[in-house]
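See structure below.
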Amino acid sequence: PLCGTRTFTSNHVRQSCQLAAGSRRRACPPTKQTHLLLPLSGTALMRAVYLLIAVARTAHVAALDREVEVDSTGLAYHAPGAVEQNVSAQAEIGVLLAACLVCALAVRSSRDTSRKVSSPQVLPAQPVDPAVAKRTNAAILRCATVEEILGLASEHGATMNGVNVSTCVYRVAKTVKMSRCVSGHRASARDVTRQPGWSNLMDLTRSRLSELKPQSLSNILWAFATLSWSPRDGLLEQICDSAMQQIESFNPQDLANTAGALASLKCRKDSLMQAIAEQTLAKLDSFVPQAVSTVAWACASLGYRHEALMQAIGDAVAKSGDAYTAQDLVNCIWAMATLDTPHPDALAVAAEILPSRFGKCSPQHIAHVAWAYATLGTANKVFFWDLAEACIPRLSSFSHNILAGVTSSFAKAGISHEGLFAAVVQVIQGGLRSCNPNALATLAWSCSALQTQEAFVAAALVSASSRASALSMDGLLQLAATLPLATHVPGSVVENVALAATERRRELGKRWEEVEAALAPFA
C-alpha cells in the first residue's frame, strides 16, 4: 500500500500488520494485538518488523481514524490537528515493533545448539466443543475452492479441533488434485503452499498435533505428497513421530497411505518404515490389493528392503492375482525387481494375467513391467511379444525416454521384435535432433545389441555424440558401450566420445577403463 499515490488510513496500517504477521483477525489497535505475536514463527515476526519499519520511515502515520493521502514525496494531511495526533499513532506502532523484535529474538534464542530446525512456538490448543467442531467440519466440506478453505481456517482456527484441521489440509490437496480454481485461476500446488493462509493452517496443524488420530495423520501426509510439498520446520518429523507412537492403531489404508506419502516425499524414515512393515505383515489379510501394491511400491521407491514383507506380498499376489488391477500387479513386480526379492509363483501368475491387461497400462507401467521381467530374467518370449504387440499401436503417446526404456528391456532380455523396433525408429527419426541424447544412446545400444536397425544406429550415434557434453555419466558410458556392437561407426563419433570421456576422466573414476576398452578397437 505504500507504493504509489492512494488513500491510506490507519486501518490499512493495522490490516497490513496483521497480514504480515499471518493474522486475519478483526482490526484492532496495534497495542492490543501484541498477544497475537507469541505463537508466530520468526519469519512471520520479521515480516511484521519490516513492514512496521517501512510505515514508520515513510508515513508519520495520521490520527487513528483520520484519512490521509500518501504519495511518493510524503503525506498530505486532510484533517487539521493530525500532526498532534500522530504522536499517539507512532507510539502504538513503536510498541508493536518492539514486541515483534522481542518475540523474534525469543524464537531465535530457543533454537537447538545442534542447529536443527526448531518448530515455531505455538500457544497450547484449547479444548473445542464437539458440537462446534462438527458444524465446522460441515462448513469445511462445503468449501468449493482452496481460497475458501484457507479463509475458513484463518477465521475459525481457534474453534477447530484436530479433525477439523486435518480435514482442511486434506481438502486443500483434494481440491488441487481435482484442478479446482483459486481466485479464478487453475489451482497450483506451488501457489497454494505460498499463500499466507497455508502457513497459518500449518501452525494450526502443529498446535493440534497431539489430538491427531491415525486417519488424520495419514491424510495430512497424503496431502503433503499430493501437493509435492514437505515442511522444512520440523513439522514432518513431528507427524512421523506421532505416527510411530500410534502405529499399532493404524488400519491397512492408513498404513498404505502413510508409506505411499513417505515415498512420494522421498522421506526415508527407517524406524517408521520398519513399524509399517511389521504392521503390514500382521494385518496383510485385511489389505485390499491396491493397499498391498502401494506398500510394495513405497518400499521399492525408498530402497527399503524387508524380505519377510516382500515374501508375504508375493504370496498374496500368487494367491489372489486376479483381484489385482494391471497397475497393482506392475507395482508389485517392479518392487520385487527393484529390491531383488523375486517370488517365482507371483511372477508366473502376473505373467499369465498381465498380457490381457496391457491395454490398461500406462506407458510408464509398460516400461516398468518390461524392465522388471528383463531384470529378473523370468519372462519368456511369448510374454515379451505380447507386450510388443500391445505397445505398437500406442507408441506415439510414449515419451522418448520410455521408448528407450522399453527397447533396452527387450535387448537386456535378448528378445528381438522387428515390428516394435521398426515402429520405434519411425517415431524417433522424425525428431532425431530434438531427442534427448541419453535416450538416443540407449536406443542405439538396444538396436546394436540385437543387431537391428543399423542405419538408425549410425544416425543416432552421430546425433548423440555431437551433444556428448549433455550426456549423463550413464549415458556417456552406454554410448561408449555401443561402439563395439555397432556395424558402422562414423569416425566423428569415436572422436566425440573420446573427447567427452577425457574431459570427465576424473568423474568417471574406475569406470574410465570401460571407456578405454570400448574405444580400443578404433585406436
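One-based numbering along the sequence shown.
- H306 and E278 form no side-chain donor-acceptor contact under 3.5 Å, judged by distance and modelled atom types alone.
- When the shell of 6.0 Å around NZ of K283 is examined, it contains more than 12 heavy atoms from other residues, nucleotides or ligands.
- Judged purely by distance below 3.5 Å, without hydrogens or angles, the side chains of W512 and E516 pair a donor atom with an acceptor atom.
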Check your understanding: Could you walk me through whether F410 and Y373 pass the ring pair (Phe, Tyr, Trp, His ring centres under 6.0 Å) check?
Key -> CA-CA 10 Å; F410 273 75; Y373 276 105; over 10 Å; no
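- For the residue pair S218 / N257, no side-chain donor-acceptor distance below 3.5 Å is found, with atom types taken as modelled.
- At a threshold of 4.0 Å, the pair K269-E237 counts as salt-bridged, since one of the basic side-chain nitrogens sits closer than that to a carboxylate oxygen.
- Within 6.0 Å of CD on Q451 lie more than 12 heavy atoms contributed by other residues, nucleotides or ligands.
- With 3.5 Å as the limit, one finds no donor-acceptor pair spanning the side chains of Q311 and E307.
- Between the side chains of N219 and S166, not a single donor N or O lies within less than 3.5 Å of an accepting N or O.
- Put simply, SG on C391 and CZ on F384 are 10.5 Å apart, with the number rounded to the nearest 0.5 Å.
- Atom OG1 of T482 is separated from atom CG of L443 by 10.0 Å, given to the nearest 0.5 angstrom.
- Between I333 atom CD1 and Y324 atom OH the span is 10.0 Å, to the nearest 0.5 Å.
- Summarising the local packing, CG of D270 is surrounded by more than 12 heavy atoms from other residues, nucleotides or ligands at distances under 6.0 Å.
- No donor-acceptor contact under 3.5 angstrom links the side chains of T175 and R171, judged on distance only.
- Atoms CZ and CG, on R505 and L508 in that order, are 9.5 Å from each other to the nearest 0.5 Å.
- In the model, R433 has a side-chain atom that pairs as donor or acceptor with a side-chain atom of S466 under 3.5 Å.
- Partners of S242 by side chain to side chain donor-acceptor pair (under 3.5 Å), not counting sequence neighbours, listed by chain and number: Q246.
- For the pairing with I220, the side chain to side chain contact (heavy atoms under 4.5 Å, CB included) check across L209, T205, L235 returns one residue only, T205.
- Distance check, rounded to the nearest 0.5 Å: CE of M336 to OG1 of T378 gives 10.0 Å.
- Within 6.0 Å of NZ on K213 lie no more than 12 heavy atoms contributed by other residues, nucleotides or ligands.
- Ring geometry for Y170 versus W222: interplanar angle of 30 to 60°, hence tilted.
- Side-chain contact check for E418 and T452: at least one donor-acceptor pair (N or O, by modelled atom type) lies under 3.5 Å.
- Checked for salt-bridge contact, K319 and D345 miss the test: no charged N lies under 4.0 Å from a carboxylate O.
- Taking the six-membered ring where tryptophan is involved, the planes of W334 and H368 are essentially parallel, since the angle between them stays under 30° and well short of 60°.
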